[in-house]
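Beneath this line is the structure, given in structure tokens, with notes to follow.
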Amino acid sequence: MPASSPPPTYDFAIIGGGSAGYAAARTAAELNLKTVVVDGSETLGGLCILRGCMPSKTLIESANRNLTLRRAKEFGLRAENLEVYPEEIRSRKRRLIAEFADYRTEQLINGPFDLLRGSAKFLDPHLIEVTPIDKTTKPILIQSKTALIATGSVIHHPDIPGAQETGYLTSDDVLDGDRLPLSIIILGGGAIALEMAHFFEGLGSNVTIVQRSPHILKDLDHDVTSTLAQAFKNRGITLHCNTSLKKITTEKDRKTVHFENQGAPFVVRASEILMALGRRPATDSLQLDKAGVTIEDHRILTDNSQVTNIPHIFAAGDVCGPHEIVHIAIEQGEVAATNAATLLGRLDHSQKQLIDYRLKILGIFTEPQVAAVGLSEHEAKEQNLPILTASYPFDDHGKSLVRGDDEGLVKLIAHADSREILGASIVGPEAVELIHEIVVAMNFHATTDDLASIPHYHPTLSEIWTYPAEEINDSK
């Protein structure tokens, strides 16, 4: 019998063609690494395009427009007999997402690297088996000198008694749904939960949020999160925090969530439940044990060069964290590809890259929006940094009053000695856009004196940043 040909060898094998994987493939190709991308999803594009950032923001834009119409009378206008057509909202979303996905598919298919459509698993630290998605052909073997795991995350389904029997929605269901429940209970208090609460209430649903932590957005400063919580309550959203979920049942055709708050039993009922208690890294099918890669609660452990405990295997994106945000996943992928080239001797060791989260950005598209960059106040205190903080409210700011968007505040955090800006947070109008002024300032290590001295056109939302900057400058 003739000897079978050896599997093809690649310099860099990437498992996952989402934001991190594509960024890594593009970077690796530019560095002249022989690269392959393996993606086993039914549709190319990755989580951000297909089931995350882009579809959610498309739906949210419809809620934003409806909220504006609901407030028409405040501005001397009339917009009456408003109607919501969920199927048309979904059709718009599907059209836009198909365009985004088609573009990414073209980039992957026609990129300067190979693309294998199939699910991957390790047979040993260098040997990867790919099962084609059509499953009509035999598995393919490939050898990799270096590899990147960028398989993203999947929805976390917590073990709550009665949940499976009662039934619930996930974010995937909402993002491609065509009906609007009269009432909905949202389990969770993170970004996805809060954006979905805004979406449903913005289109007319009665919304209740049940959050396990003492406050929503538990990683942000409490003065920021409490401001958003109050804004939600002003919109009629019911919020229960610091809870312990007990069970889910169906009572009189209504879905019922049983929980405790400070030891007291509570029950809330609605026509639907959205489970938004987070996502977990998608690592189950990779056979990482055969590669020797260490994981912790499904998450791949990496250092700041994106390398795992196996020196030639890297990870990027949601599969490793620590911040499940697209622009960070892209940067992680680029760092991993560069360091793979360094490991292979294609770049000088001095060109090795380390990721820096100093400018980590968060944006949440609620109403009002929430955004943050750099350190929060509690993070700075945990690091024992001497800091000064100052806040300024939107209800004392001309442009926000003119707009009728006066809920919220901006907050600056600066080093007490140098006055260098270390972080900032916003709850308020266009927060996710406004935060980038501070991102740019921090990129150049600007001080609050620098920020206060920069001309700002009047009246604009962005000039609000000068007020906390001046307050910090006046501090002794």
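Side chains are part of it too, since the values below use all heavy atoms of this structure and drop only hydrogens, waters and symmetry mates.
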**OP:** Show the numbers, then the answer: is there a side chain to side chain contact (heavy atoms under 4.5 Å, CB included) between Leu108 and Glu106?
**Re:** CA-CA 5 Å; Leu108 286 166; Glu106 181 181 351; over 6 Å; no
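- For the salt bridge (charged side-chain N to carboxylate O under 4.0 Å, His left out) test, no residue two or more places apart in sequence or in another chain qualifies with Glu165.
- Rounded to the nearest 0.5 Å, atoms CD (Gln230) and OG1 (Thr225) are 12.0 Å apart.
- The two residues Leu203 and Leu180 make their nearest non-hydrogen contact at O-CD2, 3.2 Å.
- Here CD1 of Ile237 is found 7.5 Å from CD1 of Ile186. Values are rounded to the nearest 0.5 Å.
- The ring-ring contact (aromatic ring centres under 6.0 Å, His included) contacts involving residues 182-222 comprise His215-His222, where partners must be two or more places apart or lie in separate chains.
- Listed by chain and residue number, Arg90 satisfy the salt bridge (charged side-chain N to carboxylate O under 4.0 Å, His left out) test with Asp178 (two or more places apart in sequence, or in another chain).
- Considering only residues two or more places apart in sequence or on other chains, Glu201 meets the side-chain hydrogen bond (donor to acceptor under 3.5 Å, both in side chains) condition with Arg70, Arg235.
- Counting only heavy atoms from C-beta outward, the side chains of Ile209 and Thr238 never approach each other to under 4.5 Å.
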Only pairs under 3.5 Å count here: list side-chain donor-acceptor contacts from residues 433-442, not counting sequence neighbours, and write none if there are none.
residue : atom : partner : partner atom : Å
His436  : ND1  : Val432  : O            : 2.9
Glu437  : OE2  : His456  : NE2          : 2.4

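- Legend: side chain to side chain donor-acceptor pair (under 3.5 Å) pairs involving residues 46-58, not counting sequence neighbours, sorted by first then second residue: Lys57-Glu195.
- Side-chain polar atoms of Asn261 and Thr243 form no donor-acceptor pair below 3.5 angstrom.
- Counting only heavy atoms from C-beta outward, the side chains of Ile426 and Gln369 never approach each other to under 4.5 Å.
- The two residues Ser305 and Leu354 have their closest heavy-atom pair at CB-CD2, 3.8 Å.
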Original post:
side chain to side chain contact (heavy atoms under 4.5 Å, CB included) between Phe394 and Ile464: does it pass, once the steps are laid out?
Top reply: CA-CA 8 Å; Phe394 278 103; Ile464 195 173; 3.6 Å; yes
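- For the residue pair Pro368 and Thr366, the shortest heavy atom distance occurs at O-OG1, 2.6 Å.
- A distance of 13.5 Å separates CD1 of Ile454 from CD of Glu463, quoted to the nearest 0.5 Å.
- Put simply, the side chain of Leu182 does not reach to within 4.5 Å of the side chain of Ser205, judged on heavy atoms.
- Remark: Asp253 CG is loosely packed, at most 12 non-hydrogen atoms of other residues, nucleotides or ligands lying under 6.0 Å away.
- Note: Asp173 CG to Ser171 OG = 8.0 Å, rounded to the nearest 0.5 Å.
- If you take CG on Asp450 and CD1 on Ile421, they are separated by 7.5 Å, rounding to the nearest 0.5 Å.
- Counting non-hydrogen atoms of other residues, nucleotides and ligands closer than 6.0 Å to CD of Glu87 gives a total above 12.
- For the atom pair NZ of Lys399 and OG of Ser462, the computed distance is 9.0 Å after rounding to the nearest 0.5 Å.
- Contact of the His258 side chain with the Ile248 side chain is not registered, since no non-hydrogen atoms from C-beta on lie closer than 4.5 Å.
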**OP:** In sequence, state the C-alpha distance, the side-chain angles, and the governing distance for Trp465 and Leu451, and then conclude on side chain to side chain contact (heavy atoms under 4.5 Å, CB included).
**Re:** CA-CA 8 Å; Trp465 285 118; Leu451 180 60; 4.2 Å; yes
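- Among pairs with a residue in residues 356-381, those fulfilling ring-ring contact (aromatic ring centres under 6.0 Å, His included) read His323-Tyr357, at least two apart in sequence or across chains.
- Between Ala20 and Ala150, the shortest heavy-atom distance links the atoms CB-CB, 4.1 Å.
- Counting heavy atoms from C-beta outward, Ser391 and Pro468 have side chains that stay 4.5 Å or more apart.
- A heavy-atom distance below 4.5 Å is found between the side chains of Ile89 and Leu59.
- The stretch residues 69-105 participates, sequence neighbours left out, in no ring-ring contact (aromatic ring centres under 6.0 Å, His included) pair at all.
- Partners of Asp39 under the side-chain hydrogen bond (donor to acceptor under 3.5 Å, both in side chains) rule, at least two apart in sequence or in another chain, are Ser41.
- A salt bridge links Asp176 with Arg94: the closest approach of a Lys/Arg side-chain nitrogen to an acidic carboxylate oxygen falls below 4.0 angstrom.
- For CD of Gln262, the number of neighbouring non-hydrogen atoms (other residues, nucleotides, ligands) closer than 6.0 Å is 12 at most.
- The heavy-atom pair separating Ser475 from Glu471 by the smallest distance is OG-O, 3.0 Å.
- Looking at Glu334, its side chain never comes within 3.5 Å of a backbone N or O of Ala23 through a donor-acceptor pair.
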When the side chains of residues 263-286 are checked against the rest of the protein, which donor-acceptor pairs come out under 3.5 Å, sequence neighbours left out?
residue : atom : partner : partner atom : Å
Arg269  : NE   : Glu251  : OE1          : 3.2
Arg269  : NH2  : Glu251  : OE1          : 2.8
Ser271  : OG   : Ser183  : N            : 3.2
Ser271  : OG   : Ser183  : O            : 2.8
Ser271  : OG   : Ser183  : OG           : 3.4
Glu272  : OE1  : Arg179  : NH2          : 2.8
Glu272  : OE2  : Lys255  : NZ           : 2.8
Arg279  : NE   : Ser153  : OG           : 2.8
Arg279  : NH2  : Ser153  : O            : 2.8
Arg280  : NH1  : Asp284  : OD2          : 3.4
Arg280  : NH1  : His298  : ND1          : 3.4
Arg280  : NH2  : Asp284  : OD2          : 3.0
Thr283  : OG1  : His298  : O            : 2.9
Asp284  : OD1  : His298  : ND1          : 3.0

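- Counting heavy atoms from C-beta outward, Leu412 and Thr389 have side chains that stay 4.5 Å or more apart.
- Between Ile387 and Glu377, the closest heavy-atom pair is CD1-CG, 3.9 Å.
- With hydrogens and angles left out, the side-chain atoms of Glu367 and Asn64 include no donor and acceptor closer than 3.5 Å.
- Here Glu420 pairs with His445 under the side-chain hydrogen bond (donor to acceptor under 3.5 Å, both in side chains) rule; sequence neighbours left out.
- At a cut-off of 3.5 Å, with distance as the only test, no side-chain donor of Thr447 or Asp449 sits close to an acceptor on the other residue.
- Contact check on Lys360 versus Glu331 returns no salt bridge, with no Lys/Arg side-chain nitrogen under 4.0 Å from an Asp/Glu carboxylate oxygen.
- Between Arg71 and Asp405, at least one side-chain nitrogen of the basic residue sits less than 4.0 Å from a carboxylate oxygen of the acidic one, meeting the salt-bridge criterion.
- The side-chain heavy atoms of Leu301 and Thr308, taken from C-beta on, include no pair separated by under 4.5 Å.
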**OP:** Report the C-alpha separation of Glu61 and Arg65 in whole Å, then their side-chain angles, then the decisive distance to 0.1 Å, and conclude whether the salt bridge (charged side-chain N to carboxylate O under 4.0 Å, His left out) test is met.
**Re:** CA-CA 6 Å; Glu61 197 57 47; Arg65 304 303 172 96; 3.0 Å; yes
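- Shown here are the salt bridge (charged side-chain N to carboxylate O under 4.0 Å, His left out) partners of Glu430, two or more places apart in sequence or in another chain: Arg403.
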